[in-house]
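Here is the structure we will look at.
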Number of protein chains: 2
Amino acid sequence: MPSSAKSSSPQYSDITAAAERLSDHAQVTPLLESDLLNERLGGRLFVKPEMLQRTGSFKFRGAFNRISRIEQAERAAGVVAYSSGNHAQGVAAAARLLGMPALIVMPRDAPEIKIVSTRAHGAEVVFYDRLTENREEIGERLAADRGATLVRPYDDPYVIAGQGTVGLEIAAQARNAGAQLDAVLLPCGGGGLTAGSALALAEDCPGAEIYSVEPLGFDDTARSLVAGDRLTNDASARSICDALQMPTPGETTFAINARLLTGGLVVDDDAASAAMATAFSQLKVVAEPSGAVALAAVLEAVFPIKGKTVAVVCSGGNVDAQAFRAALDVEG
Amino acid sequence: MPSSAKSSSPQYSDITAAAERLSDHAQVTPLLESDLLNERLGGRLFVKPEMLQRTGSFKFRGAFNRISRIEQAERAAGVVAYSSGNHAQGVAAAARLLGMPALIVMPRDAPEIKIVSTRAHGAEVVFYDRLTENREEIGERLAADRGATLVRPYDDPYVIAGQGTVGLEIAAQARNAGAQLDAVLLPCGGGGLTAGSALALAEDCPGAEIYSVEPLGFDDTARSLVAGDRLTNDASARSICDALQMPTPGETTFAINARLLTGGLVVDDDAASAAMATAFSQLKVVAEPSGAVALAAVLEAVFPIKGKTVAVVCSGGNVDAQAFRAALDVEG
């Protein structure tokens with residue numbers, strides 16, 4: 001797998017190799033469980049809290065795995081990435097760890113905490129207008145100008161393999177807990193977390209169904225899975241789930257997801273907010289709206305788990321205090 | 001160590017035995033770290049997030065270890081406990097797991113989430129007035145009436161040993177992270193978590209200083225350590241740290257703490273609130289005021305960690321949404 005092979009598909013062995021590379025740098029997040037949630041849902045629910053990951057989301061996994069593969073001769077020119085803020089922080093932290101400069105293209109309306117943290121991790125930030133400009137074009141141009149390596153947020157085999165370590169950990173931790181998973185639900189934007197984890201789970205947890213979960217209006221993967229082809233979202237769609245607003249599934253990620261996923265689920269913003277409040281009160285973790293959609297699918301019985309054993313990934317917790325307070329108003 | 005020996009002191013081997021008993025029931029909480037906090041503090045800070053423990057605080061550890069030692073013949077009569085709410089939930093959940101009824105004496109002004117959750121774990125709750133009534137007397141009378149086993153919140157060797165598994169995990173996890181701890185700071189009420197963890201750390205992490213951290217006005221352990229004798233708090237003291245308001249250090253716990261602690265630290269309510277906000281923004285975990293005091297001691301430089309490697313325990317996250325929102329206002 002050459003480091004420039006953008007569209008080559010990762011294999012299971014790439015995920016175990018990523019886990020090896022990440023072992024001294026990423027947090028092995030636990031698999032949480034709540035007696036009271038289990039009772040309420042009539043099933044057994046495991047929650048993988050990736051807000052506890054370095055930089056507050058799973059994105060550090062893929063970013064570090066990718067950036068650590070950059071040849072020594074190319075490192076001085078640094079990396080460029082475009083991101084709504086979680087990939088941004090993952091790339092910034094990984095680049096700094098590896099001694100490389102990072103330039104990140106972020107939407108002007110990204111949550112304040114994501115912008116502040118990306119800069120605090122030592123990255124330079126340039127803004128674009130999410131509704132009128134094309135971030136891929138800006139990122140590619142800036143990378144070319146600097147001779148820097150563009151670290152794509154999901155359509156990269158090393159990024160997918162890095163995110164896949166989430167699935168690898170879930171399979172091992174569920175086994176250690178004596179549980180046989182019936183299903184695993186994952187928040188889905190470009191599809192990197194879902195695709196990587198699906199590759200790991202297909203091997204290590206072959207009986208489990210795998211579902212992507214998306215916010216209403218950004219259900220491109222759900223519809224694409226049905227159509228068997230990559231569809232796009234309506235440009236007028238809006239959601240509080242700022243990390244899951246991709247125009248269409250990734251090419252490499254969708255090829256994997258189309259093969260391995262049982263289906264795609266969709267939840268609305270109110271469900272995401274309510275799940276943030278439940279994560280607060282029952283699990284004691286801070287979920288951002290995008291991070292809470294898979295939990296929301298279970299709580300709202302979009303995917304009922306009565307009599308089942310199910311794992312959901314909470315993918316991130318980078319949310320401004322004001323937005324978090326608003327979510328707590330829903331329940332509290 | 002007979003199960004009725006209230007005042008006998010636990011040993012290191014009691015903690016490893018507790019860890020064994022807890023292995024299928026308690027969460028092994030991770031050791032979290034934040035690049036940005038480390039940078040800000042100029043040291044290496046590990047956070048042990050016990051809000052992720054079953055029932056939302058470390059208290060499940062001691063409660064399960066104690067209740068699992070109750071003889072079969074005594075189980076039908078159940079358990080009685082008094083608690084501001086975290087020991088309450090730990091006892092309720094452990095008793096239910098072991099098939100025993102639980103009756104908990106709680107202050108009428110305990111946080112709503114603690115009362116609701118204790119009942120949700122299947123316990124019967126009776127209230128008392130924290131400022132005018134004696135909870136020990138009420139608990140002992142109710143236990144005697146029912147022939148039930150009284151599960152004391154800290155002055156019990158099995159409870160102390162159970163809480164000590166926190167220290168056992170910290171030592172092993174810091175070692176795995178390649179870190180040598182200079183100090184460990186623990187929230188301290190009656191002193192069970194501190195004493196148990198100190199016993200574990202003295203053996204597994206002998207170079208580390210160990211400090212209790214208490215809220216202003218409830219610094220009985222700090223003052224008692226200096227005096228070499230168990231002192232009491234002023235009855236007029238008030239704090240938002242509802243879980244750390246004991247009148248005086250426990251007898252068994254203080255004997256251990258006096259021998260093993262370097263000293264006792266004190267933080268005020270504002271520092272606890274600010275630490276809750278930092279736990280939210282940097283660590284993505286929900287800390288209750290009492291749970292945040294050790295983190296607060298580091299953040300406010302009551303205990304500066306520049307150039308040091310230090311672990312703090314965040315002991316619980318059972319906080320009402322309204323109180324949490326108020327804490328976020330401080331920072332956000």
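Of all the heavy atoms in A/Gln27 and B/Leu31, the pair that sits closest is OE1-O, 3.2 Å. In terms of heavy-atom proximity, A/Leu52 sits nearest to B/Leu283 at CD2-O, 3.6 Å. Of all heavy-atom pairs between A/Arg325 and B/Asp329, the closest is NH1-OD1, 2.9 Å.
Both the backbone and the side chain of B/Ser117 come within contact range of chain A, judged by heavy atoms closer than 4.5 Å. Heavy atoms closer than 4.5 Å to chain B are found in both the backbone and the side chain of A/Asn318. For a residue to count as touching a neighbouring chain, one of its non-hydrogen atoms must lie under 4.5 Å from one of that chain's; by this rule B/Glu39 touches chain A with the side chain only. For B/Asn176, no part lies near chain A; criterion is any non-hydrogen pair under 4.5 Å. For B/Ala93, the part lying under 4.5 angstrom from a heavy atom of chain A is the side chain only.
Using cut-offs of 30° and 60° for the angle between ring planes, the B/Phe324 and A/Phe324 rings count as perpendicular.
Residue with the most contacts toward chain A among B/Glu288, B/Gln53, B/Glu33, B/Arg96: B/Arg96 (heavy-atom pairs, distance under 4.5 Å). Ranked by non-hydrogen atom pairs under 4.5 Å with chain B, the options A/Leu97, A/Val319, A/Asp35 are led by A/Asp35.
Once rounded to the nearest 0.5 Å, the distance linking CG of B/Asp320 with CG of A/Leu328 reads 11.0 Å. Rounding to the nearest 0.5 Å gives a distance of 12.5 Å between CZ of A/Arg54 and CG of B/Leu32.
No donor-acceptor distance shorter than 3.5 angstrom exists from the side chain of B/Lys284 to the backbone of A/Met51, with no hydrogens or angles considered.
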